[in-house]
Engineer: 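Sharing a structure with you now.
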Amino acid sequence: MDVPYLALLAAAAALSAASAWRVKLGPAALGALAVLAGYHYAAYFAGRFDLVIVYINAALGQSLLERAAGALATIPGAVLTMVLPLAVAGVWARSRWPFAAAALLLLYAAAEKPFATVDDVFPGYGPASGMGLNPLLRSIWAVPHPVAVLAGYGLLLGGALARRLDIFKWGWWLTSLGLLLGALWSYETFGWAGYWAWDPVENALLAVWLAATAAIHLKSWGAQLATAGILLGAVALNQGGFSALHSFVGSTPTPQILLFASAALTVLGLLRIAVPKDLGLGVAAGGMLATALVIYVVNAAPALYSVTTGASIAPPAGDVFVAWLLLPLASAVYAGTAVMSIYYAGVGKWKYIVALYALYIFVAAAVAWVYKYASESPTSTNFFIYLLWMGSATAAYYVAKSRHSPLHKALHVATLLLLIFIAASGPYAYSQSYYKLLAVDSIGARYFTLLPWPYPQSISVEKVEVAPDGRVVEIPPNAPLRNPPNYSAFVEKVGGRFTLDGLNYTVVDASGVKYVVVWGGGQRLGSVGEVPVVRVERNGTAVIFPAPLDLVEALSENPAAVEQYLRCHGNNSALVPGGFIINAVLTADGNEVPLSLRFDVSGVLKGVGAVAIGVGHFEGLVGQTVLLLPPSSLEIGGPAWDLATALYVKTLMEQCNPRAALFIIERMGGRGLADLARYLHQGGSVWVVAFKPVPAVTLVWTTSAAVLVISFLMIKRPEER
């Protein structure tokens with residue numbers, strides 16, 4: 001047990017609880033929290049692999065950015081990042097309630113035992129490195145995105161509990177920044193070239209943002225409380241293993257406690273919402289809050305049901321979410337633009353605007369029937385694209401003509417333009433049907449796609465360079481890392497290829513191990529019971545039978561690999577290279593696109609996938625995402641091998657570590673020595689280039705940035721409304 005960590009955690013929790021009783025102690029509590037957070041992060045920067053939370057998320061050779069990402073990728077790290085701004089809100093507002101929440105959240109983090117050491121779990125074991133970081137967290141966005149979101153959550157929660165709308169607004173701004181950074185991360189890291197996957201955690205974050213936006217417009221403390229409840233649900237979904245894409249923190253029962261607190265706080269907030277004096281503004285904000293509640297319930301209800309009943313049911317995500325909820329949500333957004341138009345044009349024009357928006361429905365249906373802007377999406381999707389374009393453009397027109405301040409008009413016009421650009425790019429960004437594949441069998445050769453705009457017309461792979469990953473990862477002691485079988489007693493010498501041609505043999509199963517038994521030919525040495533022991537030599541390879549089938553298959557495939565395996569037998573090192581990186585440069589229509597694909601052994605250890613596909617981009621009115629997939633071959637009844645994995649396994653064998661090589665082979669779907677020999681012997685030569693256009697994606701980024709800048713100025717100058 002790490003006593004200093006435990007002492008700092010206890011002191012911070014005690015001072016936070018004391019500040020809930022006597023607010024003057026707030027600065028002391030904030031200081032204790034800052035020291036605790038500093039100790040937590042310092043453990044990662046210093047390589048404290050004796051701590052369990054460091055061991056599972058760090059490794060030798062990591063960059064400082066990856067160490068910081070590892071510190072965030074735990075429940076204690078996430079809670080500390082959220083609690084610090086929560087305590088700042090308490091000091092800022094001189095309110096006790098943020099400190100009470102901070103104390104409870106620290107107890108929640110303490111339940112994960114961040115002070116536990118590896119020796120507590122594996123007595124006497126002293127790690128030399130760690131398991132490394134989840135491969136998806138090896139991104140420049142892995143620190144700023146969660147920091148912005150969690151800090152935003154802390155200020156939203158603190159502002160709501162302290163009844164301070166100004167603090168709450170800064171929380172909204174940071175959450176908005178986190179949304180943008182998360183979209184950038186998704187677009188640049190994942191191979192689907194999308195900035196939104198309709199994943200439960202993404203949807204929960206959207207619900208928080210919508211609720212917070214509604215609360216700011218309503219200026220209602222009840223709406224702020226409801227937002228605080230919804231954000232606790234978002235934290236629980238992120239940390240409770242309910243998401244496939246966002247399972248970085250891990251799946252533990254502790255976050256499920258937050259689900260119940262979330263539901264209670266949300267209901268309490270809804271009961272305290274006051275009806276606004278401005279009816280038009282109330283309708284618009286109420287629509288946003290209602291939409292947030294629908295998304296929240298759709299996410300939280302299955303999670304709560306799973307927690308209370310033990311049933312295996314997950315919140316809807318991906319295509320399931322799109323099929324059931326996207327079209328109703330799109331309808332709600334369209335209705336929201338109509339309400340905005342009425343609000344800014346004046347209630348006196350409501351009949352004209354309602355008629356105009358009704359006409360748009362018929363126009364959008366007619367255009368979608370004859371022309372599909374999103375060519376591979378259904379007619380319904382194209383219908384809503386046209387509908388949102390017309391509705392948002394009309395609302396932007398009336399906002400621009402209104403008598404509000406320049407900043408107010410600029411913010412709302414920019415938001416409506418962002419909605420137009422999201423509608424334009426969304427189907428391309430989400431649907432994988434827009435990806436096209438191209439086989440490349442010669443580096444430097446130019447290939448022509450013969451596809452219509454907006455696809456690139458020519459693509460080539462100009463350069464491919466292979467380099468080892470500089471990290472050193474440790475395979476944990478609880479991993480199924482078994483000692484490889486010693487086949488030396490069966491093999492006298494290893495020479496050329498070994499075959500059983502011309503021999504009378506069969507295969508028998510003894511205690512789960514298959515053996516080859518030769519009944520004719522060779523030199524008989526004796527017998528085991530009724531089974532003869534025979535020495536057979538083929539092309540310089542001598543084998544004593546009965547021999548394991550795994551060995552005979554390996555000798556038939558690659559005798560040199562068997563020789564290396566036998567020579568290295570006995571090396572039981574658990575330290576392995578972090579992986580292999582393949583740096584490549586592609587050109588698409590004259591645009592140079594650098595990208596890197598890699599084999600990451602941390603992904604094998606964490607069960608999240610070992611091969612990270614190389615992703616590159618070049619921007620324009622139509623952004624282009626280009627992927628490079630390594631050469632691969634598929635054996636009937638065997639695993640799919642790829643170049644990055646093969647290079648890594650070859651490196652392990654060059655380091656004379658067959659134990660680790662077999663572990664990787666088996667975790668990737670292979671089996672034993674035969675597949676190891678086959679793996680080292682073969683290699684594909686055809687690369688696969690995948691490319692996908694995403695219209696208006698650059699406009700999404702620039703308009704989002706404009707919204708953030710304008711809203712920042714408005715929060716600083718509240719008179720600009």
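From a predicted model like this one, the values you see are computed outputs, not experimental measurements.
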Engineer: Establish, yes or no, whether the cationic atom of Lys692 lies under 6.0 Å from the six-membered ring centre of Tyr434 and within 45° of the ring axis.
Structural biologist: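 Relative to the ring axis of Tyr434, which defines the angle, Lys692 lies outside at least one limit.
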Engineer: Please examine the side chains of Val622 and Tyr428, heavy atoms only from C-beta on, and report whether any two atoms are closer than 4.5 Å.
Structural biologist: no
Engineer: Does Pro427 offer a backbone N or O that forms a donor-acceptor pair with the side chain of Ser431 under 3.5 Å?
Structural biologist: no
Engineer: Between Arg538 and Phe498, is there a donor-acceptor pair closer than 3.5 Å when you use the side chain of the first and the backbone of the second?
Structural biologist: no
Engineer: So do Trp687 and Ile443 actually touch side chain to side chain, heavy atoms under 4.5 Å?
Structural biologist: yes
Engineer: Evaluate the criterion side-chain contact (heavy atoms from CB on, under 4.5 Å) for residue pair Phe663 and Val601; output intermediate values, then yes/no.
Structural biologist: CA-CA 11 Å; Phe663 169 75; Val601 73; 5.8 Å; no
Engineer: Are any side-chain N or O atoms of Ser139 and backbone N or O atoms of Trp141, one a donor and one an acceptor, separated by less than 3.5 Å?
Structural biologist: yes
Engineer: Is the shortest side-chain heavy-atom distance between Val466 and Ile581 below 4.5 Å?
Structural biologist: no
Engineer: Would you say that Val543 contacts Val536 through its side chain, given a criterion of any heavy-atom pair below 4.5 Å between the two side chains?
Structural biologist: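 They are not in contact (no side-chain heavy atoms under 4.5 Å apart), so the answer is no.
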Engineer: Looking only at heavy atoms, what is the nearest atom pair of Gly178 and Val149, with distance?
Structural biologist: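 Closest heavy-atom pair between Gly178 and Val149: CA-CG2, 3.6 Å.
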Engineer: If you draw a 6.0 Å radius around CD in Glu537, do more than 12 non-hydrogen atoms from other residues or ligands fall strictly inside?
Structural biologist: yes
Engineer: Counting C-beta onward and ignoring hydrogens, is there a side-chain heavy-atom pair between Ser129 and Leu575 closer than 4.5 Å?
Structural biologist: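 With C-beta onward as the side chain, the pair touches.
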Engineer: Rounded to the nearest 0.5 Å, how far does CH2 of Trp198 lie from CZ of Phe321?
Structural biologist: 5.5 Å
Engineer: Who pairs with Glu376 by salt bridge (charged side-chain N to carboxylate O under 4.0 Å, His left out), at least two apart in sequence or on another chain?
Structural biologist: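 Testing Glu376 for salt bridge (charged side-chain N to carboxylate O under 4.0 Å, His left out), a comparison that skips the adjacent residues, returns Lys436.
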Engineer: Quick one: does any side-chain atom of Glu474 pair with a main-chain N or O of Ala128 as donor and acceptor, under 3.5 Å?
Structural biologist: yes
Engineer: Does the side-chain contact (heavy atoms from CB on, under 4.5 Å) test come out yes or no for Phe599 and Val604, once each step is laid out?
Structural biologist: CA-CA 9 Å; Phe599 176 91; Val604 178; 3.7 Å; yes
Engineer: Could you tell me whether the side chain of Val689 reaches within less than 4.5 Å of the side chain of Tyr447, counting heavy atoms only?
Structural biologist: no
Engineer: Can a donor-acceptor pair be found, under 3.5 Å and without considering hydrogens, that links the side chain of Ser602 to the backbone of Met131?
Structural biologist: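 A pair under 3.5 Å: yes.
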Engineer: Is the backbone N or O of Gly614 less than 3.5 Å from a side-chain atom of Ser596, with the two atoms forming a donor-acceptor pair by type?
Structural biologist: no
Engineer: For Ala59 and Arg67, which heavy atoms make the closest approach, and how far apart are they?
Structural biologist: O-NH2, 4.1 Å
Engineer: Any sub-3.5 Å donor-acceptor pair from Thr698's side-chain atoms to Gly620's backbone N or O?
Structural biologist: yes
Engineer: If I take atom CE from residue Met668 and atom CG from residue Asp675, how far apart are they, to the nearest 0.5 angstrom?
Structural biologist: 12.0 Å
Engineer: With distance as the sole criterion, is a donor-acceptor pair present between the side chains of Tyr565 and Asn486 under 3.5 Å?
Structural biologist: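 On atom types as modelled, these side chains do not qualify, holding no pair under 3.5 Å.
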Engineer: Using distance alone, with no hydrogens and no angle criterion, decide if Thr587 and Glu592 have a side-chain donor and acceptor under 3.5 Å apart.
Structural biologist: no
Engineer: Main chain of Tyr430, side chain of Gln432: is a donor-acceptor contact present, judged purely on distance under 3.5 Å?
Structural biologist: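 Pair found, side chain donor or acceptor close to backbone of Tyr430.
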Engineer: If you look at every heavy atom in Tyr44 and Ile53, which pair is closest and at what distance?
Structural biologist: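 Between these two residues, the closest heavy atoms are OH-O, 2.6 Å.
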Engineer: If you count the non-hydrogen atoms of other residues, nucleotides and ligands that lie under 6.0 Å from CG in Leu451, is the total more than 12?
Structural biologist: yes
Engineer: Could you grab the distance from atom CG of Leu627 to atom OH of Tyr435, nearest 0.5 Å is fine?
Structural biologist: 3.5 Å
Engineer: Answer yes or no: is there a side-chain heavy-atom contact under 4.5 Å between Leu652 and Pro577?
Structural biologist: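 Yes - at least one pair of side-chain heavy atoms lies under 4.5 Å apart.
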Engineer: Under the salt bridge (charged side-chain N to carboxylate O under 4.0 Å, His left out) test, which residues partner Arg48, sequence neighbours left out?
Structural biologist: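 By the salt bridge (charged side-chain N to carboxylate O under 4.0 Å, His left out) rule, Arg48 matches Asp2, Asp50.
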Engineer: Are the aromatic ring centres of Phe49 and Tyr55 under 6.0 angstrom apart?
Structural biologist: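 Between Tyr55 and Phe49, which both carry aromatic rings, the centre distance is not below 6.0 Å.
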Engineer: Is any side-chain N of the basic residue among Lys493 and Glu563 closer than 4.0 Å to the acidic one's carboxylate O?
Structural biologist: no
Engineer: What pair of heavy atoms forms the shortest contact from Ala661 to Leu676, and how long is it?
Structural biologist: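 Shortest heavy-atom contact: CB-CD1, 4.2 Å.
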Engineer: State, to 0.1 Å, how close Gln624 and Pro456 come at their nearest heavy-atom pair, and which atoms those are.
Structural biologist: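 Reported closest heavy-atom pair: OE1-CD, 3.4 Å.
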Engineer: Side-chain contact, heavy-atom cut-off 4.5 Å: Pro315 with Leu237?
Structural biologist: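 The answer is yes; the side chains approach within 4.5 Å.
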Engineer: Assess the residue pair Val615 and Leu595 against the criterion (side-chain contact (heavy atoms from CB on, under 4.5 Å)); give the C-alpha distance rounded to whole Å, side-chain angles, the decisive distance to 0.1 Å, and a yes or no.
Structural biologist: CA-CA 6 Å; Val615 184; Leu595 45 78; 5.9 Å; no
Engineer: Just do the side-chain contact (heavy atoms from CB on, under 4.5 Å) check on Leu137 and Trp185 with the steps written out, would you?
Structural biologist: CA-CA 10 Å; Leu137 291 175; Trp185 184 1; 3.5 Å; yes
Engineer: Which pair of heavy atoms, one from Tyr195 and one from Val700, lies closest together, and at what distance?
Structural biologist: OH-CG2, 4.3 Å
Engineer: Would you mind checking if Arg138 and Asp600 are paired as a salt bridge, meaning a charged N to carboxylate O distance below 4.0 Å?
Structural biologist: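 Between Arg138 and Asp600 there is a salt bridge, with a charged N closer than 4.0 Å to a carboxylate O.
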Engineer: Ring centres under 6.0 Å, that's the criterion: do Tyr187 and Trp701 meet it?
Structural biologist: yes
Engineer: Are more than 12 heavy atoms from other residues, nucleotides or ligands located less than 6.0 Å from atom OH of Tyr505?
Structural biologist: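 Incorrect, the count does not exceed 12.
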